[in-house]
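Residues take their numbers from the sequence shown, with the count starting at 1. This one's a predicted model, so the numbers in the text were calculated from it and none came from an experiment.
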Amino acid sequence: MKFSLQLINNFINLSQIQFNEFKENLTLSGLEIDHIEKIEKYKDKIIDLNITANREEISSSLSLAREASTIFNVPIKIRPIKVNYKNSIEHNTNKLANTKHTHIAYIRIVTLDKMFTKQTPNWILDQLKINRIEESKTLNNIQEYIKIKWGQTFYIFNNEEMNQNKNIIKYSNSIKLFNPESIKKITKNINSKSKLLIFTTINKQENTIVLNNEYNEFYENAFIDSIKLINTFIGAKIGKYNEAHQKIVIEDSIIKIRKKNINKLLGYIKGKKIKFIKTHKIQNILQQLKLSPKYCKKDKLFEIVVPNYRTKDLKREIDIIEEIGRIYQFKHFFNNIQSDKLQGYKSKNFTQVKHIKNTLNQLGLHEVINCCITNNIQSHLNNPQIQNPITCEQQDLRTNILENLINNYEHNIKNLKNNIEIFEIGKVFEINNKSKKLYTEKRHLSGLIKNKNYTRNNWSNQSSNITLFHFKNIIETFLETINSKTILQEILTNNETNINTAEYLFKKNKKIGIYNPKNKTTIGIIGELNNKVIKKFSDRDETIYIFEINLSQLIETTKSKNHLEYISQKYSNYPSVTRDISIKMQKYVHIEKITQTIINRNNKFIESLEVLNEYKNNLKSHAIRYISLRITYRSKTKTLNSKDIKNIDTNLESTIRELQQT
C-alpha cells in the first residue's frame, strides 16, 4: 500500500527524524518498504509498504503516523476534538437495563442543498491516483480522500433512497446500531433532492481520559476537514445537521503477561552484564503501545487492554511479548544462546558405562543398537509377551541381547560382510515372580566376534580363524582395562548357571563363566556359539564366539582409580658415591631385615640400595649365604668430602658386624 509522506507529516513531526532512520526502523518493526517514489511537483515522497495480513489496520495516513509515533516514541501533533453529545437525541432501541455503559454510538446527518460542483483539485486527484482509485464526482473524490487521510469517511445518500428502503446499514457497523425507521424520522423534513452525508462513530464514555489515537477519537477532526473541503470545492449550502446517540457496552480485550515469560522468550539484552529488560522499561513500552498497562507486583504480571484497532493481531500473551521485542528492537537482544562452560554432574554409572564402551571400541568391536521388542528364538513361558503386538516379529520383550546380535550377524553375512566384531549394551527383561508374572528390567552387555583372518604365525602362512584362547584373551584384556576383579572359570557340563543369558546359544563343552569373587556368583558367560540356531543361508561350520554379561553386576566388581600412590622428592645436583659390599649372613635371615637396618643406620645420605646377587651354601651342617649389595650415597645440599665418606664407611662396617651377629 502507498502512503504520502506529506499526509503523514500532517499528523506527526518527521522533521527531526532522518529519512534513512525512518525507513530502517519501519523495516525492523515489520513494515517492509518495497519502493520509494519522489514527486518533485509537490516535493513529496510516496512510500510503498508491504502490509502483512495481521496489520490490516494500517490503511491510512493517520494509522501509519500512529505506528511511527509508537516506534519513535513521539506524540501525534493533532489533538482530538471532543464530541459533544448533549444536543443529540438519545436512541432507546437497545436501552441498557441496570448496566453501566462503556461506549456511545453516535450518528450525524448533514444536508447539502443547492450544490454547485466545482472541479476537483489536482492534489486530491493525485492522492487518488497514488492509491489506484478511479476519478469520479467531486463529492465522491473528497469522500475517498478523507478515507485515505483519516481512515474513516462519510456516507452519501438522499431522501429518495431512504424512502425506497435501500440498505444503507451495510456501509457501516455504527449505522447497524440504529433502527432504519428512526433514521427516516430524523430526515423526514429534509428536501428529497438534498444530499445526505452520514457521519458515524463509536467512542468511549465521556469520563474516559486515556487516548489511544484510534480513528474514532479523531471523528470531529475528520468531520471538520470534510466540511471544509466540501464548502471549498462544491459550493453547496450546508444545512443544520441532525444527530442521535445510543449507549452501548463493548467488552475490553484484556491480556495478562507474566514477567518470567517475557524474560524466557526474549532472553538477555546486550551489555556489560547479562540481564533481562527491567520492569519499568517494559511498562514504558506497553504505555508507548497504548495498551494501558497495570503491573501486579505480587504476581509479577502485566495486565493490558488491547485497543480496538489491534484486536485482530493482539490476541495472545506471545503477541504482546513480540510487540515488546519489536519496540525495544530485537537487535539489542542476544541472537545466540550463551554457552555455559560449567560441566554438569556425571554419575558413576554413566562414566563407567562410557569407559566400557571405549574399551571395547579400542579392542576392535563396533557398537550396535537393537530394539527391545523382538521375537525370541526360543519360545517358553518366561518370555514377556506384548498384549497387542503390531507385527509377529515384535511380540516379545527380549530376554537376552545375543539373539539380536545373531540377527545382525546373519544380515551382514547375507550382504557379504565376512568379519564381524560387534557388541551392544541394552535392556533385557526376565521373570521375577513366577506366580504373579512379574518381570524385572536389567541391563546386559553382549558381544559377537567372527573373524577368519584374526592371526597368522608368519607372513608366508595363510591367516587363521580366531580361537577360544584368543577370544578369552580379549575378554581378559577388557576386564583388566576396566579394572574388574572378576574371575574366569570353566563351566562344567552339569553345572548350569542361574543367570538369564540364553545358555542354549552356547556349546555345552565350550563355555567359560565370569564370576564375582566376593559372592561366588556367575555374572556372565563367554564361549562358542551353537551353530544350530543360525539360519540355512549362513555357514554353520564357521566358528563364532559370543559373550553376555550382567552390566550392573560387572560394574560392582570394578574399582575406579581416582588417584595414584607416589612419593615425590627433589633431584640432587651433586655427585654420588657408590659402595659395593658383600655380607656373610645366616641362611634364614630375611633380606628385607638387612636392607632396612642399613637404611635406618645411614638414612642421611643413602639415595638407593640395590640387591645385586646372592650365593647360598647348601651344606646341611653349616648353612651360610652371601649377599651382594650396592649402596649409593648422595647429598642434596653439598658434595660429599673425604670426612663424610670416612664416616659413611665407618657406619657401614659397624652395621655389617651387627648384622653378622644376628
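- Here the side chain of His470 pairs a donor or acceptor atom with the backbone of Thr467 at under 3.5 angstrom.
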**Request:** Report the C-alpha distance between Glu441 and Arg398 in whole Å, list the side-chain angles of each, state the deciding distance to 0.1 Å, and finish with yes or no for salt bridge (Lys or Arg N to Asp or Glu O under 4.0 Å).
**Result:** CA-CA 10 Å; Glu441 178 185 305; Arg398 65 182 179 185; over 6 Å; no

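- Looking at residues two or more places apart in sequence or on another chain, you find a side-chain contact (heavy atoms from CB on, under 4.5 Å) between Asn308 and His103, Glu214.
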Report, one line per pair, each donor and acceptor closer than 3.5 Å where one atom sits in a side chain of residues 365-373; sequence neighbours left out.
from, atom 1, to, atom 2, distance (Å)
Glu367, OE2, Lys357, NZ, 3.4
Asn370, OD1, Asn408, ND2, 3.3
Asn370, ND2, Asn408, OD1, 2.9
Asn370, ND2, Glu424, OE1, 2.8

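- Considering all non-hydrogen atoms of both residues, Glu317 and Arg258 come closest at OE2-N, 2.9 Å.
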**Request:** Would you please test Lys452 and Glu542 for side-chain contact (heavy atoms from CB on, under 4.5 Å) and show each step?
**Result:** CA-CA 9 Å; Lys452 288 184 177 181; Glu542 290 186 350; 3.0 Å; yes

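- Interatomic distance, Thr477 OG1 to Ile482 CD1, rounded to the nearest 0.5 Å: 11.5 Å.
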**Prompt:** Could you go step by step and tell me if Phe423 and Phe547 meet the ring-ring contact (aromatic ring centres under 6.0 Å, His included) rule?
**Reply:** CA-CA 9 Å; Phe423 77 93; Phe547 69 90; 8.2 Å; no

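- Legend: residues meeting side-chain contact (heavy atoms from CB on, under 4.5 Å) with His590, ordered by chain and number and at least two apart, are Glu592.
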**Request:** Test Phe471 against Ile526 for side-chain contact (heavy atoms from CB on, under 4.5 Å), laying out the working first.
**Result:** CA-CA 9 Å; Phe471 181 65; Ile526 70 171; 3.7 Å; yes

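- A donor-acceptor distance shorter than 3.5 angstrom exists from the side chain of Arg634 to the backbone of Tyr574, with no hydrogens or angles considered.
- Closest heavy-atom contact between Gln288 and Ile71: NE2-O, 3.7 Å.
- Ile606 approaches Ile599 most closely through the heavy-atom pair CD1-CA, 4.1 Å.
- Residues that satisfy the ring-ring contact (aromatic ring centres under 6.0 Å, His included) test with His355, not counting sequence neighbours, are absent from this structure.
- When the side-chain contact (heavy atoms from CB on, under 4.5 Å) test is applied to Ser464, the partners found at least two apart in sequence or on another chain are Thr455.
- Here the side chain of Asn519 pairs a donor or acceptor atom with the backbone of Thr521 at under 3.5 angstrom.
- No donor-acceptor pair closer than 3.5 Å links the side chain of Ser576 to the backbone N or O of Thr632.
- Panel note: side chain Thr351, backbone Ser347; a donor-acceptor pair is recorded below 3.5 Å.
- Residues meeting the side-chain contact (heavy atoms from CB on, under 4.5 Å) test with Asp580, sequence neighbours left out: Thr578, Leu612, Arg630.
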